[in-house]
Amino acid sequence: MTSHRFTRVLASALACITIVGISACGGSNANKGSQGDENKADLVFWGWDSGNSMKRLIDGFESENPGITVKFNATGTASNTQTALSNAIAAGKGAPDVVMLEDPTVTQFAVTGDLVDLSSFGADKEADKFAAGPWGKLQYNSKPYAMPIDSGPEMLFYNKAVFDKAGVDGEKIKTWDDYYEAAKKVRATGAYMTNNSGSAMEYQPFTAQAWQAGARPWKVDGDKITIDMTNDAGMKKYIAFQQKLIDEDLINTQIANWSDEWNRSLNDGSIASLTIGAWMPVNLMNAAPDQKGNWRVTQLPQWNEGEQVSSEDGGSALAITSQSKNQAAAYKFIQYMTLGKGAELMAQTGTFPSLKSIMDSKEFTDPNAESNKKTNEFFGGQNVNEILSEAAKRSVNEFQYLPYNAFAQTEFGDDISPAYNKKESLQEAFANYGKKLAEHGTQQGYDVTNEG
């Protein structure tokens with residue numbers, strides 16, 4: 001019987017190979033960094049700059065910390081950043097001091113020992129300052145391995161003009177049963193309630209909606225992983241509902257999120273709503289300019305009437321790599337970006353915050369604030385940040401991501417899309433998906449049980 005110690009070593013060695021298909025993995029034991037001087041360092045920071053605010057953020061930090069410089073290397077996208085970090089880990093050198101990662105990918109680098117446990121700097125004491133959803137995703141073995149930049153509570157965005165034509169009041173969609181009834185009315189107008197092609201681009205919405213349903217499709221306990229895609233009660237609920245939408249032609253199964261056709265459909269009104277993260281407003285404003293004034297946002301429908309359960313869709317965070325020789329200064333930079341003035345600046349430039357103090361501030365929800373006027377106008381005069389903040393404060397069920405999340409996302413598109421093309425049932429597709437996830441985990445050295 002394989003020991004846990006051997007399993008962990010094997011998993012650590014193989015994880016980097018699987019992430020991006022590269023050979024060899026340095027691992028934290030081979031290139032362990034050091035804390036260094038917290039007041040003097042030349043930091044290297046990798047990430048993306050979707051808000052075009054990174055220069056202002058770094059200038060502000062350097063002004064407050066004259067002994068520390070920050071060199072920002074724009075990696076372009078979250079995927080590029082993940083790949084670059086994996087390559088540096090494999091080489092055993094070249095990793096940055098601070099790296100921006102999507103929340104679900106943090107675990108896969110933490111489990112291999114390539115990120116620093118931030119509780120060594122007292123980060124574990126900061127939990128109550130953040131919304132529960134984003135904070136919970138960054139834990140591994142009950143320790144924080146990154147600090148959240150933003151939050152992405154799942155919301156219902158809808159086109160009021162299309163809903164009005166269908167005789168649907170978006171504010172009265174309180175449950176998923178209400179959503180189903182609305183979808184039938186919207187379809188009768190020629191539009192679709194939403195889209196879902198089962199592609200890799202729909203992986204994150206899947207995890208968010210399954211999460212809200214109370215699903216535990218996988219459970220990670222150290223080296224032990226349990227996969228349960230079809231027998232878990234929450235997954236049964238999710239699969240049955242999605243299958244009904246597919247069977248009754250109530251969702252467009254030919255359009256994937258973030259495709260050109262998706263943007264066109266949002267702009268011409270043929271897709272009437274989205275269940276997606278709170279970071280979506282600026283994307284809708286860019287993708288659907290012709291629908292200015294028509295879009296609205298409201299809380300996510302509930303599985304049981306009267307509940308107020310949320311979940312997270314996406315999000316990003318800052319971590320310190322184990323290769324860093326400037327970990328103390330790196331943590332000071334992370335504090336500025338996630339707990340300090342940097343977090344405030346990002347909120348002003350369109351990043352939906354994870355910090356409770358910002359969400360609770362009058363400035364953030366003030367409809368007369370310059371940073372809010374354009375968004376609120378696009379959403380027909382709604383106070384958008386007020387609605388999003390309410391969602392971020394809602395309760396969340398327990399949920400984990402696999403330590404090989406990148407594989408899970410890619411495999412999702414391969415295995416689940418046939419069900420949306422009506423080549424097999426969603427039940428069959430998820431059973432096959434679970435089998436592939438279990439096989440992959442076993443290959444990585446984990447002790448995996450597949451329960452369905």
Side-chain angles (χ1 to χ4, degrees), residues 8-37 41-50 54 57-58 68-118 120-121 123 138 140 143-149 315-334 337-338 401-410 444-445:
R8 281 295 301 278
V9 171
L10 180 60
S12 179
L14 291 176
C16 291
I17 297 173
T18 307
I19 289 168
V20 290
I22 55 181
S23 62
C25 179
S28 61
N29 292 333
N31 44 64
K32 189 173 179 64
S34 61
Q35 290 202 2
D37 188 338
D42 295 320
L43 300 177
V44 176
F45 168 36
W46 289 0
W48 54 97
D49 189 13
S50 55
M54 203 58 71
L57 289 161
I58 290 172
I68 304 175
T69 63
V70 180
K71 180 183 179 182
F72 176 62
N73 290 341
T75 49
T77 66
S79 178
N80 290 346
T81 307
Q82 178 183 323
T83 300
L85 180 60
S86 295
N87 288 337
I89 290 168
K93 61 181 180 179
D97 297 287
V98 178
V99 63
M100 186 186 301
L101 294 169
E102 284 189 312
D103 292 352
T105 66
V106 168
T107 301
Q108 71 187 48
F109 290 109
V111 76
T112 55
D114 294 303
L115 298 180
V116 173
D117 170 10
L118 298 184
S120 62
F121 295 100
L138 306 177
Y140 173 63
K143 306 275 188 181
Y145 279 80
M147 298 282 274
I149 295 173
S316 51
L318 296 178
I320 300 172
T321 69
S322 296
Q323 287 185 24
S324 173
K325 300 186 185 307
N326 304 296
Q327 294 175 9
Y331 184 68
K332 184 173 277 192
F333 177 62
I334 287 179
M337 296 285 278
T338 62
Y401 289 94
L402 286 167
Y404 41 93
N405 183 72
F407 175 84
Q409 179 161 359
T410 301
Q444 281 202 319

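Heads up: numbering here begins at 1 and tracks the sequence.
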Run the numbers on Val70 and Val98 for side chain to side chain contact (heavy atoms under 4.5 Å, CB included), then give the verdict. CA-CA 10 Å; Val70 180; Val98 178; over 6 Å; no
List in chain and number order the residues that pass side chain to side chain contact (heavy atoms under 4.5 Å, CB included) with Asn73, two or more places apart in sequence or in another chain; answer none if no residue qualifies. Val44, Trp46, Lys71
Set out, in order, the CA-CA distance, both residues' side-chain angles and the distance that settles side chain to side chain contact (heavy atoms under 4.5 Å, CB included) for Phe121 and Lys332, then state yes or no. CA-CA 9 Å; Phe121 295 100; Lys332 184 173 277 192; over 6 Å; no
Are the side chain of Thr321 and the backbone N or O of Pro96 linked by a donor-acceptor pair below 3.5 Å? yes
Between Leu85 and Leu101, is there a side-chain heavy-atom distance shorter than 4.5 Å? yes
Worked verdict on Asp117 versus Tyr145 for side chain to side chain contact (heavy atoms under 4.5 Å, CB included): CA-CA 5 Å; Asp117 170 10; Tyr145 279 80; 3.7 Å; yes
Go through the steps for Met54 and Met100 under the test side chain to side chain contact (heavy atoms under 4.5 Å, CB included), then give the verdict. CA-CA 12 Å; Met54 203 58 71; Met100 186 186 301; 4.0 Å; yes
If we ignore angles and hydrogens, is there a donor and acceptor under 3.5 Å between the side chains of Asp42 and Thr69? yes
Heavy-atom closest pair, residues Ala110 and Leu115: N-CD1, 4.1 Å
Would a 4.5 Å heavy-atom cut-off, applied to side chains only, mark Phe45 and Leu318 as touching? yes
Of all residues at least two apart in sequence or in a different chain, which pass the side-chain hydrogen bond (donor to acceptor under 3.5 Å, both in side chains) check with Thr107? none
Do you know which two heavy atoms are closest between Pro403 and Val111, and how far apart they sit? CB-CG1, 3.9 Å
So, for Ala329 and Leu43, which heavy atoms are closest and what is the spacing to 0.1 Å? O-CD1, 3.7 Å
Taking Asp97 for its side chain and Ser324 for its backbone only, find out whether a donor-acceptor pair lies under 3.5 Å. no
Determine the minimum heavy-atom distance between Asn326 and Ala41, stating which atoms define it. OD1-CB, 3.7 Å
Shortest non-hydrogen separation from Ala88 to Ala95 and the atoms involved: CB-N, 3.6 Å
Taking side chain as C-beta onward, heavy atoms only, is Gln108 less than 4.5 Å from Tyr401? no
Distance-minimising heavy-atom pair for Thr81 and Thr77: OG1-O, 2.8 Å
